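All residue numbers in this chain count up from 1 along the given sequence. Source: prediction; values computed, not measured. Values below: all heavy atoms of this structure, side chains included; hydrogens, waters and symmetry mates excluded.
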Amino acid sequence: MSGDVDLQVNGYAGVDFNGDSLDEQAVTDACRRMKDDGVAAALATVITAPLETMCRRIARIADRIEGAPEVANVVTGIHVEGPFISPLDGYVGAHPKASVMRAERDAMGQLLDAGRGYVRLVTLAPEMDDDADVTRWLSDQGVVVAAGHSDATLDQLRRAIGAGLGLYTHLGNGCPGQLPRHDNIIQRVLSLADRLMVSFIADGHHVPPLALGNYLKCVPSEHVVIVTDAISAAGLGPGRYRLGDQTVEVDEEGAAWSADRTHFAGSAATMPVMRAVLTDRLGIDPATVDRWTSENPARLLSGSV
């Protein structure tokens, strides 16, 4: 595919895909901005909220895809991140803890129905999915399943991979700032990176370049995926922005913070920013970056991993 494939876009250029209104022209304009920034395809991402709210937001995105060709040309599907994630502090990240729940086929079915066939990727925590039942069920339907916002054990991760888990979402984030020294979710995922694709937010904030460079050396190049985790602030600079029901503050350095400054809440960076971090600060060659931002995510969505 010519252009980047971004698997995680919560919003862009002033438009919040988790908002309670999605003006068709505004979404079209946001897609034009993504296109201008080199994004050929993106998954609009809906994060944890009450189930009915998530369904409504997913259905609204599906409406925009079906109603505007310019939107459908860029937003090729939906990424459902939650609500089946860890409720523990740190692991839950910017997701509202009160809306987190254990994975259930019925609830997942409601989310899929709301998406009318556009849900391409689901992120859940394997420890919230008993016997990897929902993971297996989604995989059998051709939906890519990712682990994330999780403190899954090695056995739980292995069981999920056996059931069809294909990706780990934004490794190094969606976990506490302080972890056990040796046995932690980052080390467990890295130990399985030959069996699992792994995405990273390469904005220079979510994972400091020193750590990101180390992680990238541990993951086979064909398994690395770069995502923006962009929110409505993407491409707009410092200020206050919305992500669903919360306010996010973007500082002068471009980092997107929760209102209480305890954790990041998505990213204000665009794919060109990610590319610059990888090439200029980590010395990654452009051809490899192309693989990570375009070829690998496209291959994952096509089911040819």
Side-chain angles (χ1 to χ4, degrees), residues 7-8 47-48 81-103 123-129 132 135 145-161 165-220 223-229 243 246 248 251 253 255-267 269 274 277-278 281-282:
L7 302 183
Q8 195 163 3
I47 68 168
T48 304
E81 186 185 8
F84 315 125
I85 59 173
S86 172
L88 300 179
D89 289 343
Y91 297 102
V92 76
H95 294 240
K97 186 184 299 188
S99 298
V100 168
M101 60 186 293
R102 297 198 69 81
T123 292
L124 52 75
E127 68 271 30
M128 298 292 282
D129 183 15
T135 297
V145 185
H149 290 276
S150 167
D151 190 28
T153 66
L154 203 55
D155 284 345
Q156 288 168 334
L157 287 168
R158 286 171 175 155
R159 180 164 55 246
I161 291 170
L165 187 75
L167 174 72
Y168 196 91
T169 291
H170 56 49
L171 186 66
N173 301 109
C175 60
Q178 295 186 348
L179 292 168
R181 185 181 308 174
H182 300 302
D183 184 4
N184 60 58
I185 188 61
I186 297 172
Q187 296 296 333
R188 293 173 211 143
V189 173
L190 291 176
S191 77
L192 296 170
D194 60 334
R195 302 175 58 193
L196 191 65
M197 297 189 87
V198 182
S199 75
F200 296 96
I201 304 169
D203 62 355
H205 302 294
H206 277 77
V207 183
L210 174 65
L212 179 60
N214 288 336
Y215 297 163
L216 291 170
K217 292 173 184 176
C218 296
V219 180
H223 284 185
V224 174
V225 172
I226 301 300
V227 297
T228 61
D229 199 20
L243 174 58
Q246 59 189 299
V248 178
D251 66 21
E253 301 299 319
W257 294 92
S258 62
D260 61 7
R261 289 293 184 110
T262 60
H263 55 266
F264 293 128
S267 170
M274 308 278 158
V277 169
L278 292 166
R281 301 180 69 177
L282 291 179

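Two residues are said to be in side-chain contact when any heavy atoms from C-beta on lie closer than 4.5 Å; M128 and P87 meet this criterion. Proximity of D203 to T228: side-chain heavy atoms (C-beta onward) are nowhere separated by under 4.5 Å. Between P126 and R159 the shortest side-chain heavy-atom distance does not fall below 4.5 Å. Counting only heavy atoms from C-beta outward, the side chains of L190 and Y215 approach each other to under 4.5 Å. L154 places a side-chain heavy atom less than 4.5 Å from the side chain of S191. Two residues are said to be in side-chain contact when any heavy atoms from C-beta on lie closer than 4.5 Å; P176 and Y91 meet this criterion. Within the 4.5 Å cutoff, the side chain of D229 has no heavy atoms near those of the N173 side chain.
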(request) Walk me through it: do V207 and I201 pass the test side chain to side chain contact (heavy atoms under 4.5 Å, CB included)? (result) CA-CA 7 Å; V207 183; I201 304 169; 5.9 Å; no

(request) Begin from the C-alpha positions of T135 and D129 and carry the test side-chain hydrogen bond (donor to acceptor under 3.5 Å, both in side chains) through to its verdict. (result) CA-CA 7 Å; T135 297; D129 183 15; 2.7 Å; yes

(message) Before you tell me yes or no, could you show the steps for S150 and E127 under side-chain hydrogen bond (donor to acceptor under 3.5 Å, both in side chains), namely the whole-Å CA-CA distance, both residues' side-chain angles and the distance that decides it to 0.1 Å?
(response) CA-CA 7 Å; S150 167; E127 68 271 30; 2.7 Å; yes

(request) Test side chain to side chain contact (heavy atoms under 4.5 Å, CB included) on M101 and F84 and set out the steps. (result) CA-CA 5 Å; M101 60 186 293; F84 315 125; 3.7 Å; yes

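Listed by chain and residue number, K97 satisfy the salt bridge (charged side-chain N to carboxylate O under 4.0 Å, His left out) test with D89 (two or more places apart in sequence, or in another chain).
Heavy-atom minimum distance, T169 versus Q8: CG2-OE1, 3.6 Å.
Among pairs with a residue in residues 165-185, those fulfilling salt bridge (Lys or Arg N to Asp or Glu O under 4.0 Å) read D183-R188, at least two apart in sequence or across chains. Listed by first and then second residue, the ring pair (Phe, Tyr, Trp, His ring centres under 6.0 Å) pairs involving residues 169-194 are H149-H170 (not counting sequence neighbours).
Here the options are V198, T123, L7, the test is side chain to side chain contact (heavy atoms under 4.5 Å, CB included), and the partner is L167; only L7 passes. When each of L124, I47, T48, V100 is checked for a side chain to side chain contact (heavy atoms under 4.5 Å, CB included) with P83, only T48 meets the rule. In summary, of the residues considered (V225, V224, L196), a side chain to side chain contact (heavy atoms under 4.5 Å, CB included) with V219 occurs for V224 alone.
The distance from atom CG of L171 to atom CE of M197, rounded to the nearest 0.5 Å, is 14.0 Å. Considering CG of L157 and CG of L165, their distance stands at 7.5 Å, rounded to 0.5 Å. Rounded to the nearest 0.5 Å, atoms CG (L88) and CG (D151) are 7.0 Å apart.
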